[in-house]
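Below you'll find the structure, written out as structure tokens, and then a few comments.
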Amino acid sequence: MLKWNKLGRIFDPTTIKDRPWLHEFAQCTSTIIFDDFVRVYFSCRPPKDANGQFVSYTSFVDFDRKNLKRIIRVADKPILS
């Protein structure tokens with residue numbers, strides 16, 4: 001039986017400053033559980049363009065499986081360009 005523990009916000013993409021394509025939002029999540037970490041895929045977007053339009057990218061963040069508040073890795077680039 002699965003027991004749910006609400007942890008609150010464990011990842012905020014606005015704090016990642018060296019990836020301009022990862023400007024805001026971490027929505028539409030999907031998760032894969034590995035032996036040592038949990039990978040969460042999500043949709044994010046850079047700032048809107050000159051025409052006020054947005055694009056969306058898929059990225060991921062890896063969390064320590066034993067401590068889900070500890071980020072191990074954030075993707076260096078979007079999964080698809």
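Every heavy atom of this structure was used, including side-chain atoms; hydrogens, water molecules and symmetry mates were not.
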Please determine which of F42, F11, F60 meets the side chain to side chain contact (heavy atoms under 4.5 Å, CB included) test together with T29.
F42
Using a 4.5 Å cut-off on heavy atoms from C-beta on, say whether the side chain of F25 contacts that of S56.
no
Check ring pair (Phe, Tyr, Trp, His ring centres under 6.0 Å) between F37 and all other residues, then give those that pass, not counting sequence neighbours.
F34
Does anything in residues 60-81 pair up under side-chain hydrogen bond (donor to acceptor under 3.5 Å, both in side chains), and if so which pairs, sequence neighbours excluded?
R19-D76, R39-D62, D64-R70
Results of ring pair (Phe, Tyr, Trp, His ring centres under 6.0 Å) for F63 - residues two or more places apart only:
none
Of all heavy-atom pairs linking P47 and P20, the shortest is CD-O, 3.7 Å
I would like to know whether E24 and R45 meet side chain to side chain contact (heavy atoms under 4.5 Å, CB included); could you show each step before the answer?
CA-CA 6 Å; E24 57 188 357; R45 62 186 186 195; 3.7 Å; yes
Looking at side-chain heavy atoms only, is the closest gap between P13 and C44 below 4.5 Å?
no
Same hydrophobic cluster for I79 and V61, using side-chain heavy-atom links shorter than 4.5 Å among ILVMFWY?
no
Cluster question for you: counting only ILVMFWY and a side-chain heavy-atom cut-off of under 4.5 Å, with indirect links fine, are L22 and I71 together?
yes
Which atom pair, heavy atoms only, marks the closest approach of A75 to W21?
O-CZ2, 3.7 Å
Which of I16, T14, I10 passes side chain to side chain contact (heavy atoms under 4.5 Å, CB included) with D12? It is T14
Give a yes or no on whether I32 and I72 share a hydrophobic cluster (residues Ile, Leu, Val, Met, Phe, Trp, Tyr; joining criterion: side-chain heavy atoms under 4.5 Å apart).
yes
Is it possible for you to say whether L80 and Y41 belong to one hydrophobic cluster, with membership spreading through side-chain heavy-atom contacts below 4.5 Å?
yes
Donor-acceptor pair, D49 side chain versus N51 backbone, under 3.5 Å?
yes
